[in-house]
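Whatever order the structure lists them in is the order used to number ligands and atoms, beginning at 1.
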Amino acid sequence: MVERRRPIPVQEAIDHVWDHRLPGETEVVSINKSDHRRLADDIIATNPVPSFDKSPYDGFALSSADTDRGGRNNPVEFEIVEHIGAGRVPSVKLKKGQATRIMTGAMIPAGADCVAMFEICQEFEKDGKPYISIKREMSSGQNVIPKGSEIKEGEKLINRGTLINPGVKALLATFGYSKVKVTKKPLVGIIATGTELLEVEEELQPGKIRNSNAYMIESQIIRAGAEYKYFGKLADELEPSFQAVEDALNEVDILITTGGVSVGDYDLMPDIYDKLGAEVLFNKIAMRPGSVTTVAARGNQLLFGLSGNPSACYVGFELFVRPILNHLLGNKKPFLKRVNAVLGDDFPKPNPFTRFVRSYLTFENSIIYAKLAGIDKSNVVSSLAHSTSLLVLPGGTRGFKPGDEVEVLLLDNEQGQEQFY
Ligand SMILES: Nc1nc2c(c(=O)[nH]1)N[C@H]1C(S)=C(S)[C@@H](COP(=O)(O)OP(=O)(O)OC[C@H]3O[C@@H](n4cnc5c(N)ncnc54)[C@H](O)[C@@H]3O)O[C@H]1N2
Ligand code: MOO
Ligand SMILES: [Mg+2]
């Protein structure tokens with residue numbers, strides 16, 4: 001007799017997996033290798049920025065008081081006593097009527113409180129010495145970037161958990177973080193099951209198919225920021241499959257298998273979990289595709305039994321594996337970002353289960369439209385390449401039509417959300 005499974009709501013399944021989450025680990029990497037990693041510590045300003053009063057322009061540093069009553073008919077003159085570029089420390093303290101020729105980024109000399117840009121100065125020589133004249137009044141602080149005006153020393157700039165992007169990297173360099181403490185990438189094992197599977201380089205044979213899921217999962221793991229180890233494909237035979245799964249568990253943090261989780265004669269994963277002594281958290285979810293997605297726990301390891309059907313496998317990963325990887329990676333918003341959109345296609349067939357439809361978004365006249373990425377069947381592979389989102393259609397007795405307001409989960413968005421819903 002076929003086993004009857006009780007489907008549980010998606011949120012309940014997500015909660016079960018979430019209850020088994022573990023804290024991630026950290027490691028130190030060189031700043032050059034830190035891209036796309038997540039910060040394990042807050043980033044604190046180790047110095048003020050700028051760390052000295054500096055000039056934002058090429059011009060002349062002088063005392064604004066010396067320009068008092070300067071004007072169109074009353075030019076004020078300054079003797080140029082020093083010439084400094086960025087990186088040099090001024091050595092002359094300016095006296096009344098003196099100015100320093102200064103370049104962008106250079107330190108403002110003592111005795112100066114403003115910078116007159118080249119464009120407003122007349123240069124000339126008097127007694128063989130360089131001079132300028134200015135036909136206007138300057139104010140104190142004009143064209144000076146004061147020390148600490150951008151960032152105060154000790155200020156918290158970036159929260160731990162933040163993904164390192166070019167801007168974050170610029171800050172790390174600004175504050176001397178040549179080594180960066182980041183969260184460690186969890187290692188996720190992949191096993192594909194199915195006697196019908198051929199590897200990518202093999203010729204197609206009658207009754208067989210190429211194993212696309214393992215490669216798809218590799219890519220999903222990388223997109224999530226983790227690392228994978230592929231243990232190959234297994235024929236549907238219990239003893240060797242059990243051995244392979246047990247061996248793989250010794251090497252990885254998390255194990256993903258694909259196929260063999262339904263109720264077929266060669267669906268061996270339920271027996272393998274049994275033999276491993278793993279606790280099956282659930283094996284039926286009220287969702288399409290991926291209703292047979294099974295998650296088991298052995299010790300502190302999670303085993304994700306994703307469906308063999310490509311679209312079901314894909315969705316199972318995004319809903320159940322990805323948040324756990326995000327959590328291990330220190331992402332404080334581990335669930336897929338959910339936004340509202342307008343349905344751009346017809347979807348007349350109702351379904352009692354919540355559907356996660358492979359879709360993409362378009363942006364027209366300030367409206368986000370969600371459109372179907374292709375055939376909406378659990379066994380198809382073709383729609384996945386065009387999917388940037390999962391349209392969430394609640395289960396029920398009605399279908400959906402263009403113009404209906406819908407929710408979509410974003411697949412390529414780095415900013416997730418704290419809860420699934
Ligand atoms: N009597 C029932 N039959 C089925 C049920 C059910 O409830 N009662 N559930 C159906 C649903 S829903 C799904 S989804 C599938 C799930 O199947 P399995 O997870 O057990 O996977 P397999 O049987 O091993 O394979 C299913 C399908 O996927 C192809 N496949 C498998 N591995 C790969 C791979 N690595 N790359 C590409 N394609 C793969 C495989 O050849 C099969 O066509 O069960 C339904 N049946
Ligand atoms: O698990 Mo199946 O994908 O619901 O069709
Ligand atoms: Mg099966």
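- Between K156 and D42 there is a salt bridge, with a side-chain nitrogen of the basic residue lying less than 4.0 Å from a carboxylate oxygen of the acidic one.
- Within ligand 1, counting atoms from 1 as listed, the ones closer than 4.0 Å to a heavy atom of V263 are 1 (N), 2 (C), 8 (N).
- Residue-ligand proximity, S378 to ligand 1, at heavy-atom distances under 4.0 Å covers atoms 14 (S).
- Note on K229 versus E227: no salt bridge recorded, every NZ/NE/NH1/NH2 to OD/OE distance being 4.0 Å or above.
- At a cut-off of 3.5 Å, with distance as the only test, no side-chain donor of D412 or T388 sits close to an acceptor on the other residue.
- Annotation for ligand 2: atoms under 4.0 Å from non-hydrogen atoms of P289 are 3 (O), 4 (O).
- Taking every non-hydrogen atom of L197 and a distance limit under 4.0 Å, the qualifying atoms of ligand 1 come out as 32 (N), 33 (C), 34 (C), 35 (N).
- With a 4.0 Å cut-off on non-hydrogen atoms, V292 touches ligand 2 through its backbone as well as its side chain.
- By the criterion of a heavy-atom distance under 4.0 Å, both the backbone and the side chain of S307 are placed next to ligand 1.
- Between R210 and E203 there is no salt bridge, since none of the side-chain N atoms of the basic residue sits less than 4.0 Å from a carboxylate O of the acidic one.
- In this structure a side-chain-to-backbone donor-acceptor pair under 3.5 Å is present from Q301 to V252.
- If you look at D236 next to ligand 1, there are no close heavy atoms at all, none under 4.0 Å.
- By the 4.0 Å N-to-carboxylate-O rule, E218 lies too far from R223 to be salt-bridged with it.
- The closest protein non-hydrogen atom to atom 34 (C) of ligand 1 is N213 ND2, 3.3 Å.
- For atom 11 (C) of ligand 1, the closest non-hydrogen atom of the protein is V292 CG1, 4.2 Å.
- Both the backbone and the side chain of V261 come within 4.0 Å of ligand 1, judged by heavy-atom distances.
- Ring orientation note: the planes of W18 and H327 are nearly perpendicular, at an angle over 60° on the 30°/60° scale.
- The distance from ligand 1 to the heavy atoms of K284 drops below 4.0 Å at these ligand atoms: 7 (O).
- Listed by atom number, the atoms of ligand 2 under 4.0 Å from S378 heavy atoms are 2 (Mo), 3 (O), 5 (O).
- With a 4.0 Å cut-off on non-hydrogen atoms, S291 touches ligand 2 through its backbone as well as its side chain.
- The pair K371-D345 does not meet the salt-bridge criterion, since no charged nitrogen lies less than 4.0 angstrom from a carboxylate oxygen.
- Ligand 1 lies less than 4.0 angstrom from a heavy atom belonging to G260.
- Per-residue contacts place R288 under 4.0 angstrom from the following atoms of ligand 1 (heavy atoms of the residue considered): 12 (S).
- Atom 41 (O) of ligand 1 has its nearest heavy-atom neighbour, among K377, E196, K233, in E196.
- A donor-acceptor pair under 3.5 Å is formed between the side chain of T193 and the backbone N or O of T258.
- Near S212, the atoms of ligand 1 lying under 4.0 angstrom from a non-hydrogen atom of the residue are 36 (N), 37 (C).
- Below 3.5 Å of separation, one finds an N or O of G308 facing an N or O of ligand 1.
- Between the side chain of S262 and the main chain of G264, no donor-acceptor pair closer than 3.5 Å is present.
- In summary, R338 and E407 engage in a salt bridge, as defined by a charged side-chain N under 4.0 Å from a carboxylate O.
- With ligand atoms numbered from 1 in the order given, ligand 2 contributes 4 (O), 5 (O) to contacts under 4.0 Å with heavy atoms of R288.
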E239 vs K275, salt bridge (Lys or Arg N to Asp or Glu O under 4.0 Å): CA-CA, chis, key distance, verdict: CA-CA 10 Å; E239 212 33 61; K275 220 165 135 70; 3.1 Å; yes

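- Distance from atom 5 (C) of ligand 1 to its nearest protein heavy atom, with residue and atom name: S262 OG, 3.2 Å.
- Of all the heavy atoms of T193, the ones lying under 4.0 Å from any atom of ligand 1 belong exclusively to the backbone.
- The shortest N or O to N or O distance between D267 and ligand 1 is under 3.5 Å.
- Judged by the shortest distance from any of its heavy atoms, G290 lies inside the 4.0 Å radius around the atoms of ligand 2.
- At a threshold of 4.0 Å, the pair E318-R358 does not count as salt-bridged, since none of the basic side-chain nitrogens sits closer than that to a carboxylate oxygen.
- For the ring-ring contact (aromatic ring centres under 6.0 Å, His included) criterion with F320, the lone passing option out of F304, F282, F335 is F282.
- For ligand 1, the polar-atom distance check against S291 finds no nitrogen or oxygen pair separated by under 3.5 Å.
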side-chain hydrogen bond (donor to acceptor under 3.5 Å, both in side chains) between S311 and S378: does it pass, once the steps are laid out? CA-CA 5 Å; S311 285; S378 156; over 6 Å; no

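- Atom numbering of ligand 2 starts at 1 in the shown order; those under 4.0 Å from a heavy atom of A312 are 3 (O).
- Atom numbering of ligand 1 starts at 1 in the shown order; those under 4.0 Å from a heavy atom of N211 are 34 (C), 35 (N), 36 (N).
- At a 4.0 Å heavy-atom cut-off, ligand 1 touches N309 through backbone and side chain alike.
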